[in-house]
2 protein chains.
Amino acid sequence: MNPTIKDVAKMANVSIATVSRVLNNLGGYSDKTKQRVNEAIRELGYQPNAIARGLINKRTQTLGVLFPNVSSSFSSDILQGVEDFAHSRNYSVLVCNTDGEEKRTMKYLQLLREKQVDGIIFSSSMLKDEYYETIKSMKIPVVLISSQSNYPAIPYVTINDRLAACDAVEYLINRGHRKIAMIAGTENDVLTGAPRMDGYLRALRKHRIPIDERYLVHGDFRFESGCKALETLLRTAPDITAIFAASDEMAIGVLSAASRHGLKVPDDLSVIGFDGLQLSNMVVPPLTTVSQPLQEMGKIAAETLIRSIETGETAEGIIVSHSIVERQTVRTLT
Amino acid sequence: MNPTIKDVAKMANVSIATVSRVLNNLGGYSDKTKQRVNEAIRELGYQPNAIARGLINKRTQTLGVLFPNVSSSFSSDILQGVEDFAHSRNYSVLVCNTDGEEKRTMKYLQLLREKQVDGIIFSSSMLKDEYYETIKSMKIPVVLISSQSNYPAIPYVTINDRLAACDAVEYLINRGHRKIAMIAGTENDVLTGAPRMDGYLRALRKHRIPIDERYLVHGDFRFESGCKALETLLRTAPDITAIFAASDEMAIGVLSAASRHGLKVPDDLSVIGFDGLQLSNMVVPPLTTVSQPLQEMGKIAAETLIRSIETGETAEGIIVSHSIVERQTVRTLT
DNA sequence: CTGAAAGCGCTTACAG
DNA sequence: CTGAAAGCGCTTACAG
């Protein structure tokens, strides 16, 4: 077996209480004692058992993070930010892949409770009532990322999706586009689907551009659906000059389908994406997009959560700023 | 406080031992007792405390997974596979982002020890002696992914990089290419850098194609380095007809740089990548590549690790098969 | 079939 | 400055 505090105590000829004190820098021992203890620790290669500690402290220094899809570029950027900050503050992170399914999410929530995590980060999904109740009963803080809830007391980290979408469309308008299509997200997604669509409509209205419903199609945020959406638009609204896609993946799908149809971007068609994934800079031509600082958002969420854990204060929601990254998929119409 | 086994015992009017028995389905109680206990559990909303359990069972049902970079597409595909399988077997996963740094890796290893994880998955980095010693002293199993070690007893899950690279180059040769450049990985990376380079050289030799050292340049597996590598090749070896890149990201960098130079792929230049990231199917034109089943590899690693944890058997290394995914970046020379 | 008790590896009043 | 003891929430012989 690995050595325990008992072995250290024996070797250093002190009580386990004293060993615990020097381990935790609590003071209340002579320098000589401290040295003897530290020596024993070194000699035995002793490492404290965080499980035993957790049991008594009721703190596990562990965060649970829930994603609908860990392997998406979107989630993993956030995860990176979370993990990095958590680690710097001596917390570990337990990842959970919910597949966006209610049943799986609930199972994970139970699990996180059993494992006594100190806090939860919940990303990119609607916080359903059932989830909320469960988390509430766990009596630990939670922070939402790129999401929101009906419960005002729940802190979140997100961009202003509506404003960001509006900015994207205005960017197009300012470059002379009037026939602007949108590939929106999933039809009844209130999280990011609806606000981004809203932003689109709002920008058009603001500039008194009539809304043509042929110009609005829906995808599911993924690549394939972007390809399909372009096919649809080409059939029903071939006069468009620009497309605003509600995700980079869909925008890249447009690029891909456009190339198959012999359409040149941006000469024949301008495209602006949404998210600012690393991906968006790797495609040809590099994608102009509305970027959200995902890694930073992960960091902020972790920071907020840890503060809340350690102080007991309930945190506020935070809106971080988006930015338009100008690359080469939007042409100015003259 | 959340209810404990004590509260359940009190409410059901039995001892905590009995509650523990029904909780763990150990038998040795009457049906009536079982019902009373279960009712109390339901009524109190009792959930066992995994930390207390872990302390006594010396099992935490937790796996530690170390990646040099969690947010890379490569790592997150693996993570997905690991997480999914682990979850199906009731294990959680703790993610660690080492940045490929020795210091950080060691710190994580300590952490995983303190947190008493049951096993470790170590991905995409060389298992240094120091790491090996630490893990060995933890007395828990470890499985390597896309990596290897000098220690024969350490199981791994990987493709045969040399063979895969050889296949990629032969694919090019079979399509009439003779002037084939390679963008290799980091110069002294023995893990995947060297074997892939080896495969390249071997394929050329096998087909009696003279080796031209201008044709071999190095990148660091990332996108940017692929762009730069093409620049270099264009200067020093403009006569090449095809490029084998040791990673999809670098291959995509080639696509990007090629487009900037007005070079058409595959008309002016053929490109084959390596990894089979989802990314490779999203670019224009879709990238032909040697695919490794990353998610599957994650799954197998988790499976192997858990078997080893639960049976105590030491596992064997596993070579999974790669495959060439034909898309549109390689042209047949006539 | 059931319970009292010891113990997992720690921390923390309490007493000296 | 230091130690004995209780206790965190469980599991598991042992005894009946």
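Side chains are part of it too, since the values below use all heavy atoms of this structure and drop only hydrogens, waters and symmetry mates. Just so we're on the same page: letters track the sequence lines, and every chain starts at 1. Bear in mind that the values here come from a model prediction, so they are computed numbers and not experimental data.
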Kindly say if A:Asn24 contacts the phosphate of C:dT11, meaning a side-chain N or O under 4.0 Å from OP1 or OP2. yes

Carboxylate-amine/guanidinium proximity below 4.0 Å for B:Arg36 and B:Asp31: no

Separation of C:dC10 C1' from A:Lys10 NZ (nearest whole Å): 16 Å

Is the phosphate of C:dT2 approached by B:Ser30 (side-chain N or O, under 4.0 Å from OP1 or OP2)? yes

Can you see if the side chain of A:Ser15 gets near the phosphate of D:dT2 - specifically, an N or O under 4.0 Å from OP1 or OP2? no

For atom CD1 of A:Ile5 and atom P of D:dA4, their distance in whole Å: 14 Å

Selection from C:dC8, C:dT2, D:dG3 that lies nearest to any side-chain heavy atom of A:Val14: D:dG3

On DNA chain C, does the nearest nucleotide to A:Ala17 precede the nearest nucleotide to A:Lys6 from the 5' side, or the other way round? Give the residue. A:Lys6

Whole angstroms only, please: what is the CZ-C1' distance between B:Arg59 and C:dC8? 15 Å

Ignoring backbone atoms, establish whether B:Thr33 has a side-chain N or O less than 4.0 Å from OP1 or OP2 of C:dT2. yes

To the side chain of B:Ile56, which of C:dG7, C:dT12, C:dG9 is closest? C:dG7

To the nearest angstrom, the NZ-C1' distance between B:Lys115 and C:dG9 comes to 16 Å

Atom CD of A:Glu114 to atom P of D:dC10: distance rounded to whole Å? 10 Å

Can you tell which of C:dT12, C:dA13, D:dC14 lies closest to the side chain of B:Arg21? D:dC14

Given atom CG of A:Asn2 and atom P of C:dG9, what is their separation to the nearest angstrom? 10 Å

What integer distance in Å separates A:Leu26:CG from D:dG3:P? 15 Å

Under-4.0 Å side-chain N/O to phosphate OP1/OP2 contact, B:Asn57 with C:dC8: no

Hey, are A:Glu313 and A:Arg307 close enough for a salt bridge, meaning a charged N less than 4.0 Å from a carboxylate O? no

Is any NZ, NE, NH1 or NH2 atom of the basic residue among B:Glu303 and B:Arg89 found under 4.0 Å from an Asp or Glu carboxylate oxygen of the other? no

Compare side-chain N and O positions of A:Arg53 against OP1 and OP2 of C:dT11 and report whether any pair is under 4.0 Å apart. yes

Between the side chains of A:Asp275 and A:Gln292, is a donor N or O closer than 3.5 angstrom to an acceptor N or O? yes

Grab the CD1-P distance between B:Ile16 and C:dG3 for me, whole Å please. 11 Å

Counting just side-chain N and O atoms, does B:Lys58 come under 4.0 Å of either OP1 or OP2 of C:dG9? yes

Select base, sugar-phosphate, or nothing to describe what B:Leu23 touches, counting heavy atoms under 4.0 Å on all strands. nothing

What contact category does A:Thr4 fall into here, base, sugar-phosphate, or nothing, at under 4.0 angstrom with non-hydrogen atoms? sugar-phosphate

Assigned partner base of C:dC14, Watson-Crick or wobble definition, under 3.5 Å: D:dG3

Could you check if a side-chain atom of A:Ser147 sits within less than 4.5 angstrom of a side-chain atom of A:Ser124, using non-hydrogen atoms only? no

Under-4.0 Å side-chain N/O to phosphate OP1/OP2 contact, B:Thr18 with C:dG3: yes

Short N-O contact, A:Arg104 and B:Glu83, less than 4.0 angstrom: yes

